[in-house]
2 protein chains.
Amino acid sequence: MSQSYFLILMDLKNFLENGNEFVLPNLSIDIVIIGYSAEELKCLLLQIDDKWLLPGGFILKGESVEDAVKRVLKERTSLQDTHFKFLEVFGDKDRRFKEMWKEFYQKSGLSWTDDCWLNSRFITLAYYALVNIEKTFPALNETDQAFDWFSFDKLPNMWMDHRSIALTARNRLKEDMKQEQITFNLLPAEFTMPQLHQLHQTILEEKLDRSRFQKKMLSTNLFERLPEQHQDSPGRNPYHYRIKAKNY
Amino acid sequence: MSQSYFLILMDLKNFLENGNEFVLPNLSIDIVIIGYSAEELKCLLLQIDDKWLLPGGFILKGESVEDAVKRVLKERTSLQDTHFKFLEVFGDKDRRFKEMWKEFYQKSGLSWTDDCWLNSRFITLAYYALVNIEKTFPALNETDQAFDWFSFDKLPNMWMDHRSIALTARNRLKEDMKQEQITFNLLPAEFTMPQLHQLHQTILEEKLDRSRFQKKMLSTNLFERLPEQHQDSPGRNPYHYRIKAKNY
DNA sequence: ACAAAAGTGTTCAGCCTACACCCATGG
DNA sequence: CCATGGGTGTAGGCTGAACACTTTTGT
């Protein structure tokens, strides 16, 4: 399912004109979808005109906020059961896209006025999600021209406050990973300790002692060592691990 | 200023009928206002009919979310510069007050229908605030019959999910105080270490070593010891402290 | 056998814990 | 001068930091 459910049900013109009948007004959801590849933390962005923005959406009138986030995530990444977490409310008093939607209205033969529902003030509920970048197949909807993964160090020009939302998520991840074991969501289901070690160093932007890191990770008892196999690189090959099934 | 600014500008009938013209729809703010007295953590609640609810309000159309929280806090407690923090989004799909407002509509000669704006689904942005209970002078507005402070262990019957919001705040406080020094907001401007010690024990619901507690607190360098004075109790009298002015 | 990379062990310092001891004051 | 309660010191244990050593495998 690579298309947006929302836009399957209504074409662009109908969405621009009547979307407000189906979603809660003045409220949006934005998700900082974080991946990891080539020893860099990356963020999934969508292009509209010459700027980029976070994947996001709206809350349907009969839908819980949580379900809306899950739906948007699934629409955008085709992933189910993605790890996600609330980030922050962005609620400035005149927070609106202004010119972004203008072109779409004009293309669709609609007039762009101050009272277009998409031109109103939006409070956004920002979330962040951790995904395995290899298993993530982003989907475009009718308004997006492209998607791409950007290193947090080289974010492009972005719409509105989306850059600061993305960077807030990057910093939050640093804090959260000290409290809970969540980083494995960024790796394949089977991974090695050296991989996890490098990932932590990348996120924290500092060197971590190899010995201590390994002992700390294994002492959590969350990791299950797999029978040694995979011999493909010079030198000793690391064990592979996966996350133990939770004991309910 | 002990009255609600919002209800100064419009009387109850007008608010029930036309409030939606001034505030963002489907969105509310609720604040768990936490105080401390008699070695108990307490929560400020307002009474409507036979149930209680959290102090809350709405976001004015030209107002940031942050400003709305500050306004509601000031309206309800007459306090300025209160410590507050975001708690959680409560966004269930059919989250509404149902019968709560019915009586007010009928009293005001308005018909209570399914499409009353106050009967619609509300997503609430929940915050918690820490206040000095002695300096807090709660204010009622036209819809509230009473206010009272309730121990979190003996919360009364509450509207909708407000009980679970309150308890979420109580638990969050436990977590947050381990990370940042915030608890002094619950005490007078000048307090003693034994007081702070007892407060921490109350919040965490566990015994804390006196010696270690004192050393840990003083090692943060956030506390300023005042010249010894106040002699009123038997035994040695504790030093008084206040929070150092922040060094900007 | 050697280099490279992974895994494990050892030592030391610092912090947390529990408890003992010292101080100030009122009766 | 003793009871009460506040303030400070100290010995033991645990945890984290730095680094050394061992293991595995390709060349």
Side-chain angles (χ1 to χ4, degrees), chain A residues 36 38-39 174-181 183-184 187-188 190-244, chain B residues 36 38-39 174-175 177-181 183-184 187-244:
Chain A
Y36 173 68
E39 304 196 350
K174 254 193 220 185
E175 303 303 319
D176 288 352
M177 71 184 279
K178 290 172 187 163
Q179 308 286 125
E180 2 160 38
Q181 217 55 251
T183 51
F184 59 82
L187 294 176
E190 299 189 1
F191 54 88
T192 69
M193 281 298 148
Q195 277 181 290
L196 192 62
H197 178 231
Q198 180 53 53
L199 171 58
H200 278 232
Q201 293 193 141
T202 301
I203 300 178
L204 296 173
E205 296 176 299
E206 64 184 58
K207 292 257 177 220
L208 296 172
D209 182 81
R210 218 163 40 86
S211 164
R212 188 160 38 87
F213 179 81
Q214 181 125 342
K215 273 180 282 188
K216 198 171 178 177
M217 289 300 121
L218 295 181
S219 72
T220 64
N221 244 10
L222 291 170
F223 301 95
E224 178 180 8
R225 181 179 282 185
L226 301 173
E228 210 165 351
Q229 30 187 357
H230 314 84
Q231 274 101 0
D232 28 38
S233 70
R236 180 169 176 175
N237 283 290
Y239 294 111
H240 283 243
Y241 292 86
R242 67 167 171 232
I243 295 297
K244 283 187 189 171
Chain B
Y36 173 68
E39 304 196 351
K174 254 192 218 184
E175 302 304 318
M177 71 183 279
K178 291 172 187 166
Q179 307 287 126
E180 0 161 39
Q181 217 55 251
T183 50
F184 58 82
L187 295 175
E190 299 190 3
F191 54 88
T192 68
M193 281 298 148
Q195 277 181 289
L196 193 62
H197 178 231
Q198 180 54 53
L199 170 58
H200 278 233
Q201 293 191 144
T202 301
I203 299 178
L204 295 173
E205 297 176 298
E206 64 185 59
K207 292 255 176 222
L208 296 173
D209 183 83
R210 215 163 43 87
S211 164
R212 187 159 38 88
F213 178 81
Q214 181 125 341
K215 273 180 282 188
K216 197 170 178 178
M217 288 301 121
L218 295 181
S219 72
T220 64
N221 244 9
L222 291 169
F223 302 94
E224 179 181 7
R225 181 181 284 185
L226 300 173
E228 209 166 353
Q229 32 186 357
H230 315 85
Q231 275 101 0
D232 27 40
S233 69
R236 182 171 177 174
N237 282 291
Y239 294 110
H240 283 242
Y241 291 87
R242 67 170 170 230
I243 294 297
K244 282 187 188 170

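For clarity, every value in this text was computed on a predicted model and none was experimentally measured. Chain naming here is simple, since letters A, B, ... match the order of the sequence lines and numbering starts at 1 in each.
- Along DNA chain D, the nucleotide nearest to B:Arg212 and the one nearest to A:Lys216 differ in position, and the one closer to the 5' end is contacted by B:Arg212.
- Under the side-chain contact (heavy atoms from CB on, under 4.5 Å) criterion, B:Glu206 pairs with B:Leu204, B:Leu208, not counting sequence neighbours.
- If you take CG of B:Leu218 and P of D:dG9, they are 12 Å apart, rounded to a whole angstrom.
- In this structure, CZ of B:Phe213 is placed 19 Å from P of C:dC15, rounded to the nearest angstrom.
- Shown here are the side-chain contact (heavy atoms from CB on, under 4.5 Å) partners of B:Pro188, two or more places apart in sequence or in another chain: B:Asn132.
- Counting non-hydrogen atoms under 4.0 angstrom, B:Lys215 reaches a base of the nucleic acid.
- Here the CD atom belonging to B:Gln195 is positioned 7.0 Å from the NE2 atom belonging to B:His240, to the nearest 0.5 angstrom.
- Every residue two or more places apart in sequence or in another chain that forms a side-chain hydrogen bond (donor to acceptor under 3.5 Å, both in side chains) with B:Glu224 is listed here: B:Arg242.
- OP1 or OP2 of D:dT8 sits under 4.0 Å from a side-chain N or O of B:Gln214.
- Rounded to whole Å, the distance from CG on A:Asn237 to P on C:dG7 is 9 Å.
- A:Tyr239 and A:Leu226 get closest at one heavy-atom pair: CD2-O, 4.5 Å.
- In terms of the side-chain contact (heavy atoms from CB on, under 4.5 Å) criterion, residue partners of A:Asp176 (sequence neighbours excluded) are, by chain and number, A:Lys85, A:Tyr128, A:Arg172, A:Glu180, A:Ile182.
- Axis orientation changes by 20° from one end of the helix from C:dA1-D:dT27 to C:dG27-D:dC1 to the other, with each end axis drawn from 5 pairs and the value rounded to 10°.
- By the 6.0 Å contact criterion, NZ on A:Lys244 is enclosed, its count of non-hydrogen atoms from other residues, nucleotides or ligands being greater than 12.
- Put simply, CD on A:Gln195 is 14 Å from C1' on C:dA5, counting in whole angstrom units.
- Using a 4.0 Å cutoff on non-hydrogen atoms, the parts of residues 201-211 of chain B near DNA chain C are B:Asp209, B:Ser211, ordered by number.
- The two atoms that bring B:Leu199 and B:Thr183 nearest to each other are CD2-O, 3.5 Å, heavy atoms only.
- Look at CE on B:Met217: it is 17 Å from C1' on D:dT8, rounded to the nearest Å.
- Taking atom CZ of residue B:Arg225 and atom P of nucleotide D:dG6, one finds them 14 Å apart after rounding to whole Å.
- If you take OH of A:Tyr239 and C1' of C:dT8, they are 10 Å apart, rounded to a whole angstrom.
- Ring orientation note: the planes of B:Phe213 and B:His197 are tilted relative to one another, at an angle of 30° to 60°.
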